[in-house]
Amino acid sequence: QVQLVESGGGLVQAGGSLRLSCAASGRTFTNSVMAWFRQAPGKEREFVAAISSSALSTNYADSVKGRFTISRDNAKNTVYLRMNSLKPDDTAVYYCAAGKSSCYRGQECDHWGQGTQVTVSS
């Protein structure tokens, strides 16, 4: 079982930056794909980024390519999402997730965090 706890959300002005963190417990972290999803008010949850267990491969949604960077520190059981050039459209609850290949593709993940709110003001 993997438990995920996100942190780092908050209020930022457009053009600003934030770094989200997701601390994972459980022995399977180093073998898991890790991903970030987000859900804006009134919208469905959408895939943001994923990183392979080895950190050698990453996958991004087109809407965040070039602005967001996902990374992980397996020694700390933590995955990060660095968000630059934030836009009001990035406002959402951001969720950390863990899973396998389907999670890397932005589809099905096995474990989810509770989410952290990111609000970008114009």
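Both backbone and side-chain heavy atoms feed into the values below; hydrogens, waters and symmetry mates do not.
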SG-NZ distance between Cys109 and Lys100, expressed to the nearest 0.5 angstrom:
10.0 Å

Quick one: do Val2 and Tyr80 end up in the same hydrophobic cluster if we chain Ile, Leu, Val, Met, Phe, Trp and Tyr together by side-chain heavy atoms under 4.5 Å apart?
no

Ion pair present between Asp90 and Lys87, side-chain N to carboxylate O less than 4.0 angstrom?
no

Shared hydrophobic cluster, Trp36 / Phe68 (ILVMFWY, side-chain heavy atoms < 4.5 Å)
yes

Between Phe37 and Leu86, is there shared hydrophobic-cluster membership here, with clusters defined by ILVMFWY side-chain heavy atoms closer than 4.5 Å?
no

Do other residues, nucleotides or ligands put more than 12 heavy atoms under 6.0 Å from Gln107 CD?
yes

Are more than 12 heavy atoms, taken from residues, nucleotides or ligands other than Gln39, located less than 6.0 Å from that residue's CD atom?
yes

Mind checking the CG-SG spacing from Asn59 to Cys103? Nearest 0.5 Å is all I need.
10.5 Å

Would the distance check show the side chain of Ser52 and the main-chain N or O of Ser57 forming a donor-acceptor pair, the cut-off being under 3.5 Å?
yes

Going from CG on Asn74 to OG on Ser54, what distance comes out if it is rounded to the nearest 0.5 angstrom?
8.5 Å

Closest heavy-atom contact between Ser121 and Leu11?
CB-CD1, 4.3 Å

Nearest heavy atoms of Thr78 and Ser21, plus distance in Å:
CG2-CB, 4.3 Å

Would you say that Glu6 contacts Leu20 through its side chain, given a criterion of any heavy-atom pair below 4.5 Å between the two side chains?
no

Could you tell me if Arg72 sits above the aromatic ring of Phe29, with its cationic atom closer than 6.0 Å to the ring centre and no more than 45 degrees from the axis?
yes

So with a 6.0 Å cut-off around CD of Gln117, is the heavy-atom count from everything else above 12?
yes

OH (Tyr104) and OG (Ser32) are apart, to the nearest 0.5 Å, by 15.0 Å

Do Arg82 side-chain atoms and Thr69 backbone N/O form a donor-acceptor pair below 3.5 Å?
no

Heavy atoms of Val79 and Cys96 approach each other most closely as CG1-SG, 3.8 Å

Between Leu81 and Leu4, is there shared hydrophobic-cluster membership here, with clusters defined by ILVMFWY side-chain heavy atoms closer than 4.5 Å?
yes

May I ask you to test the Thr91-Arg38 pair for a side-chain heavy-atom distance under 4.5 Å?
no

Please lay out, stage by stage, how Met83 and Val64 fare under the test side-chain contact (heavy atoms from CB on, under 4.5 Å).
CA-CA 9 Å; Met83 305 184 293; Val64 306; over 6 Å; no

Approximate separation, where rounding is to 0.5 Å, of Asp73 CG and Thr30 OG1:
12.0 Å

If two hydrophobic side chains count as joined below 4.5 Å and joins carry through other members, does Tyr60 share a cluster with Leu18?
yes

Take the angle between the ring planes of Tyr95 and Trp112 and call it parallel below 30°, perpendicular above 60°, tilted in between.
perpendicular

What distance do Asn77 atom CG and Cys22 atom SG have between them, rounded to the nearest 0.5 Å?
10.0 Å

